[in-house]
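Reminder, nothing fancy here: chain letters follow the sequence lines and each chain counts from 1. Below, all heavy atoms of this structure are taken into account, side chains as well, without hydrogens, waters or symmetry copies. Everything numeric here is computed off the predicted structure, so don't read it as measured data.
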Amino acid sequence: MSDIRDNPYLAHMHGGAEAAGGARGSEPNKAFAALVPGKTTAAQQEATEDSDCSGLTGRAFSQKYKSILAKRRELPVNKQRQKFLDLVHSNQFVVLVGETGSGKTTQIPQYMVLDMLPHVEGKMIACTQPRRVAATSVAQRVADEMDVKLGQEVGYSIRFEDCTSARTVLKYCTDGMLLREAMSDNMLSRYSAVILDEAHERTLNTDVLMSLMKNIAAQRLDIKIVVMSATLDSEKFQKYFNDAPLLTVPGRTYPVEIYYTPEPEADYLEAAIKTALQIHASEPEGDILLFLTGEEEIEEACRLLRARGDDLIRRANCGPLLVVPLYSTLPPAMQQKIFSKAPEPRTKGGAPGRKIVVSTNVAETSLTIDGIVYVVDPGFAKQKVYNPRVRVESLLVSPISRAAAQQRAGRAGRTRPGKCFRLYTEKSFNSDLIEQTYPEILRSNLGSIVLQLKKLGINDLVHLDLMDPCAPEVLMRALELLHYLGALDDDANLTPLGLAISEFPIDPQLAKMVVSAADYGCTNEALSIAAMLSVPNVFLRPREAQRAADMAKAEFAHMDGDHMTLLNVYHAFKSCADPTQWCWDNFLQYRSLKSADSIREQLRRIAANNEIPLVSNDFNSPDYYPQIRKALTAGFFMQVAHLERNGQYLTVKDNQLVLLHPSSVLERKPEWVAYNEFALTKRHYIRTVTEVKPEWLLDIAPHYYDLESFPPCEGKRILEKIALRNTIFREEQDMKKRRKDKKDRKDREGKDKKDKKDKDKKVKKDKEKRHRSKD
DNA sequence: GAGCACTGC
């Protein structure tokens with residue numbers, strides 16, 4: 001930090017006028033001196049902003065600053081600045097509801113900075129976002145608004161990238177990042193205030209963070225918490241945060257007219273296509289956004305829209321259509337197409353062209369497309385559900401909530417008034433749809449979350465104060481998993497192993513594999529596999545080139561299974577000359593491999609920091625792959641299936657009937673396999689599968705393969721035989737050892753006797769010698 | 001013989 005007296009904000013601490021004047025010459029700035037931390041008024045803040053030079057940098061404000069400032073003053077949130085400050089001054093928690101366009105995300109954090117002057121105490125203000133792009137782009141915008149360089153007084157912090165400095169006063173970060181920080185600083189002592197933005201999205205991280213902030217606030221009366229949300233579901237937030245006061249800020253969007261179908265639609269895909277084409281045929285200019293559930297459905301809809309659109313254009317003299325798909329796994333170049341302009345009329349003065357974007361939920365929150373005037377909403381989305389009984393997370397096409405429907409409709413009113421066509425009845429909207437989507441924490445496996453909570457110092461999970469408490473059975477499953485992995489002891493306290501596992505930002509099973517790999521001399525390989533399993537599928541299989549893609553994949557196939565195949569792919573990726581071209585040639589997703597590489601680097605650094613040796617076995621040793629598979633077993637012994645005599649796999653303990661996923665490279669069916677994922681679709685598949693040995697299971701996870709408590713099945717009988725064989729073998733070894741020990745002891749005793757005799761003889765001789773010499 | 005909503009550390 002530069003000299004504290006250079007900072008005009010600190011005027012009140014150093015005799016005001018003198019210090020403030022020092023930064024910019026002779027004229028003292030009264031507005032700076034007037035700011036008293038925690039007691040500023042809107043007028044004082046505005047005066048500070050209107051002055052000639054920045055209180056933070058001491059530099060004169062630029063022309064650009066002044067023009068942005070004029071726009072900032074017109075934002076709806078600015079009209080409520082005084083009210084907001086009053087609430088913050090007299091409350092520890094404030095809930096703020098602001099619709100799109102209110103300016104809350106950019107302005108509220110700045111009001112907080114001016115009010116608290118956190119750097120006086122060497123502290124900061126954090127504003128969390130659920131997504132990385134939001135954290136980075138908003139930070140850039142606010143840096144411009146405050147006339148500072150991004151990364152200096154205003155910065156951001158996201159995975160793989162910390163763009164902050166010792167001067168940083170305001171930090172935008174992902175909520176996951178702040179959680180990680182809390183794991184090493186449980187009281188978040190570096191922050192004088194935390195602003196939680198987009199809280200209505202109720203992501204896993206936001207929910208955990210809200211609970212944590214409540215906990216911290218009870219112990220740190222100096223900290224302020226502002227919770228910002230976009231919905232009207234504010235009462236729930238207020239109640240959760242000890243009856244916090246509410247401030248509502250109007251948004252700035254255009255009206256959207258809503259239309260419902262008079263009768264329920266039997267086939268929503270067909271209805272959606274029809275509706276989109278009808279809009280094209282009869283509504284004025286403006287682009288269409290159509291929400292569907294997944295990649296396959298979207299590609300199918302695009303094909304149909306193009307075909308029928310051509311037909312429509314011929315028959316009804318409509319304008320040309322541009323149909324573009326949008327989903328997250330679409331290559332970035334293809335995603336860019338959503339921003340292209342609608343096509344020109346085919347003849348001068350002819351019917352205008354139109355763009356139709358067919359998208360998943362990405363377009364609901366993550367991506368904003370300008371120029372959308374019409375939204376078609378069939379009312380469905382793929383949603384994650386968790387079944388604790390079989391410990392399986394899966395995706396299910398389900399009806400969306402009223403809040404989500406509202407969010408979708410809002411996408412039509414960003415640039416001018418729009419229309420939203422809902423493909424369900426108004427009655428259905430009111431009586432069938434739930435108010436809010438169930439928060440993610442109620443639909444997820446909590447293994448990793450529970451571990452994080454333990455690390456955050458929250459031990460009493462039963463009384464864990466979440467906005468929506470999770471099901472006891474889900475908590476039980478999480479505790480059970482962590483206990484079996486050895487991350488928690490019998491009293492559910494974090495073990496040293498659990499502490500190590502919690503350092504890694506990956507699934508606990510994967511982290512256990514990495515940590516255990518040290519025992520098998522293969523941490524380097526375990527890190528690569530863990531990274532490859534933490535990114536979206538790397539294998540591409542385009543519909544028009546399935547055979548070619550399969551052949552390309554076969555080149556990487558490893559006889560032991562899919563994990564080793566992934567390792568082959570990673571190694572090949574690292575040693576190829578032109579990664580983009582190479583990925584293209586081999587039907588591999590460049591994005592996923594690139595991201596696996598970054599993750600691996602992060603994991604490697606964490607391993608190094610935790611004194612986990614980074615080692616490999618000799619590649620030419622016959623043990624090279626078995627050792628890696630043993631490390632895999634150490635993490636995934638709970639995800640093992642056994643091939644029954646009828647040719648079907650049963651998962652161990654749960655006795656679920658499963659099939660090897662057709663994408664597996666394992667053509668022969670090994671008797672015992674460990675799997676990464678249980679995929680619940682039309683059938684039950686196990687995906688990413690590698691052969692393991694039953695004796696490893698008994699060796700590596702004896703507490704889980706405790707045969708006394710094992711439900712009966714073929715696998716159990718085989719394990720019992722092996723266990724018996726092991727016992728007999730051990731008995732034999734013991735007997736041999738005992739026999740040998742006995743013999744050794746006898747020999748030793750014999751030798752000792754002889755030694756003693758010899759010694760005695762020697763002593764006698766010596767004595768005699770001495771006697772003789774005396775004489 | 002078949003998927004893969006979306007995020008995040």
- Message: If the condition is side chain to side chain donor-acceptor pair (under 3.5 Å), which residues does Glu555(A) pass it with, not counting sequence neighbours?
- Response: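 So Glu555(A) forms no side chain to side chain donor-acceptor pair (under 3.5 Å) with any residue.
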- Could you pull out all residues at least two apart from Asp197(A) that satisfy side chain to side chain donor-acceptor pair (under 3.5 Å)?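 Thr105(A), Gln129(A).
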- Message: What does the B/S/- profile of nucleotides 2-9 of chain B look like, 5' to 3', with a 4.0 Å heavy-atom cutoff to protein?
- Response: BBBBSSSB
- Task: With sequence neighbours left out, write down each residue that passes side chain to side chain contact (heavy atoms under 4.5 Å, CB included) with Ser595(A), or none if nothing qualifies.
- Result: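 Applying side chain to side chain contact (heavy atoms under 4.5 Å, CB included) to Ser595(A) gives Val535(A), Ile599(A).
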- Taking only residues two or more places apart in sequence or in another chain, which ones pass side chain to side chain contact (heavy atoms under 4.5 Å, CB included) with Leu659(A)?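 For Leu659(A), the residues satisfying side chain to side chain contact (heavy atoms under 4.5 Å, CB included) (neighbours in sequence not counted) are Arg683(A), Tyr685(A).
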- With sequence neighbours excluded, give me every side chain to side chain donor-acceptor pair (under 3.5 Å) pair touching residues 444-454 of chain A.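 Output for this query lists Lys384(A)-Ser444(A).
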